[in-house]
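Input: a single structure, listed below in structure tokens.
Numbering of ligands and ligand atoms starts at 1, following listing order. Keep in mind it's a predicted model, so treat the numbers as computed, not measured. Throughout, residue positions are numbered sequentially from 1 according to the sequence presented.
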Amino acid sequence: MTNQDVVMPDIAAAAAMPGSSGRAPLFACRGAAAVSASSMLGGGGAAYQAAVVAHVAPVPSIRPCASWVVEAMRASSPTRPAAAAAAAVDVEYDAWTQRKHPSALGSFEQVAAAASGKRVVVFLDYDGTLSPIVADPDMAFMSDEMRAAVRDVAEHFPAAIVTGRCVDKVQSFVGLPELYYAGSHGMDIKGPSSNEEEDTKILLQPAREFLPVINKAYKALMEKTKSTPGARVENNKFCLSVHFRCVDEKRWNPLAEQVKAVLRDYPELKLTQGRKVLEIRPSIMWDKGKAVEFLLKSLGFDDDRRDVLPVYIGDDRTDEDAFKVLRKRGQGLGILVSKCAKETDASYSLQDPAEVMEFLVRLVQWKLRRSSSAMRPRV
Ligand SMILES: O=P(O)(O)OC[C@H]1O[C@H](O[C@H]2O[C@H](CO)[C@@H](O)[C@H](O)[C@H]2O)[C@H](O)[C@@H](O)[C@@H]1O
């Protein structure tokens with residue numbers, strides 16, 4: 001496959017970062033401990049029933065080592081640097097945005113040129129992208145302004161929320177029935193409905209058979225981790241989250257041991273990691289990237305890839321699966337939401353949800369301008 005349709009920033013991509021010694025670990029802000037994503041894979045050696053839908057294959061099982069888990073917990077949770085180090089981090093961030101992953105706002109003209117004449121499809125992560133990160137996962141509300149921006153996006157482009165959250169929860173936060181929702185890291189895909197009361201249509205649930213085991217693991221994790229102050233287990237239907245944002249760092253190791261002990265009884269589940277959260281999910285080859293591919297295909301955007309521009313915006317390690325898919329397809333535009341330099345497969349960057357909102361507003365304005373100029377009679 002050629003990469004001619006992937007939207008790459010118009011910068012000297014080959015240019016090395018000044019002072020950079022090489023590649024940082026995926027999703028560690030520079031300076032944090034190096035842990036590869038693959039080291040986080042969980043699951044055991046036992047064979048398990050894989051009667052999921054045909055395209056869902058099990059992943060190879062690798063037992064996570066607790067110390068690696070803790071290292072990864074630290075890597076994704078860098079402590080605030082001292083003043084001098086903070087200045088260095090700023091310099092590095094500036095170099096990262098200038099040379100590797102420019103701001104999607106600063107480069108909006110370039111983004112608009114790439115979208116010109118194409119059907120744009122918008123994919124949005126939720127936590128850290130549409131809503132700010134907060135200590136209590138039940139309080140991660142998005143602002144009314146953001147809701148209005150997303151509503152406008154959905155009016156002008158096909159749009160989907162792709163999240164680790166369970167669909168019901170994220171739908172209640174977003175409150176826009178006109179969107180597609182891919183919850184549980186893409187393992188629960190639902191179509192739009194005409195109003196909030198009507199049930200959304202299930203399009204795909206590739207991990208349905210794992211529900212009983214997920215529920216058992218949920219109870220076991222609740223029981224096991226209740227002795228760790230601040231730990232919190234969230235049931236996201238087809239996957240689980242063990243939050244450690246409010247856990248004292250000294251207790252991260254014992255918490256990782258507790259999670260690992262529970263997972264020993266569930267070889268059909270694997271462990272991944274997000275922002276101060278351990279995520280437990282079925283060991284199947286399904287992720288946010290696969291969900292994006294599924295949606296593009298089922299919405300009829302897979303026939304002629306040259307006239308479709310998927311735009312995916314996300315902030316977390318799990319969003320990298322979607323960025324990778326776009327890069328591999330040689331199509332579309334990945335935008336990482338981050339305030340620090342990270343290794344990523346996204347092309348562009350935005351700093352925070354406020355910038356995401358500004359970008360969405362500009363995208364809609366661009367579309368409106370194009371539609372009105374197309375309708376203006378030529379003289
Ligand atoms: O794919 P996402 O929409 O980004 O969901 C990933 C996880 O998001 C939530 O946790 C994160 O946000 C919380 C609220 O701001 C924060 O407290 C937590 O530390 C973050 O990891 C959600 O609660 C998790 O279940 C999702 O897996």
V162, any N or O under 3.5 Å of ligand 1 N or O: no

K237-S184 side chain donor-acceptor pair, cut-off 3.5 Å: no

N or O contact, I133 vs ligand 1, cut-off under 3.5 Å: no

Aromatic plane relationship, F323 with Y312 - under 30° parallel, 30 to 60° tilted, over 60° perpendicular: perpendicular

Min heavy-atom dist M139 to ligand 1 below 4.0 Å: no

Between E279 and T318: side-chain donor-acceptor atoms closer than 3.5 Å: no

Numbered atoms and elements of ligand 1 in range of A135, under 4.0 angstrom, heavy atoms: 17 (O)

Check: T163/D125 side-chain N/O donor and acceptor closer than 3.5 Å: no

Proximity to ligand 1 by part of D319, non-hydrogen separation under 4.0 Å: neither

Contact check: K288 vs ligand 1, nitrogen or oxygen atoms, below 3.5 angstrom: yes

Minimum non-hydrogen distance to atom 6 (C) of ligand 1, winning option of R165, E279, R275: E279

S103 side-chain N/O to L105 backbone N/O, donor-acceptor pair under 3.5 Å: yes

Close approach of G274 to ligand 1, heavy atoms, under 4.0 angstrom: no

V170 backbone acceptor or donor facing R165 side chain under 3.5 Å: no

contact_flag P132 ligand 1 heavy-atom lt 4.0 Å: yes

Identity and separation of the nearest protein heavy atom to atom 3 (O) of ligand 1: T163 OG1, 2.6 Å

Donor-acceptor contact present, side-chain D319 to main-chain D316, <3.5 Å: yes

Y126: numbered ligand 1 atoms lying under 4.0 Å from its heavy atoms: 3 (O)

Side chains of Y218 and E234, donor plus acceptor under 3.5 Å: no

Check: E234 N/O within less than 3.5 Å of ligand 1 N/O: yes

H243, any N or O under 3.5 Å of ligand 1 N or O: yes

Backbone N/O of A104 and side chain of S107: donor-acceptor pair under 3.5 Å: no

Ligand 1 to H185 polar contact by distance, N or O atoms, under 3.5 Å: no

Check: K219 main-chain N/O paired with E223 side-chain donor or acceptor under 3.5 Å: no

Nearest-contact summary for atom 19 (O) of ligand 1 - protein heavy atom, Å: R245 NE, 2.6 Å

Part of C239 with heavy atoms under 4.0 Å of ligand 1, whether side chain, backbone, both or neither: neither

Closest protein heavy atom (residue, atom, distance) for atom 2 (P) of ligand 1: D125 OD1, 2.9 Å

Closest protein heavy atom (residue, atom, distance) for atom 12 (O) of ligand 1: D127 OD1, 3.4 Å

Subset of ligand 1 atoms that lie under 4.0 Å from at least one heavy atom of V277: 21 (O)

Ring centers of F108, F359 separated by less than 6.0 Å: yes

Protein heavy-atom partner closest to atom 15 (O) of ligand 1 - residue, atom, separation in Å: V134 N, 2.8 Å

Under 4.0 Å to a heavy atom of P137 - the qualifying atoms of ligand 1, by number: 14 (C), 23 (O)

Short side-chain to backbone donor-acceptor contact, W96 and K342, under 3.5 Å: yes

Between T228 and Q258, a side-chain donor and acceptor under 3.5 Å: yes

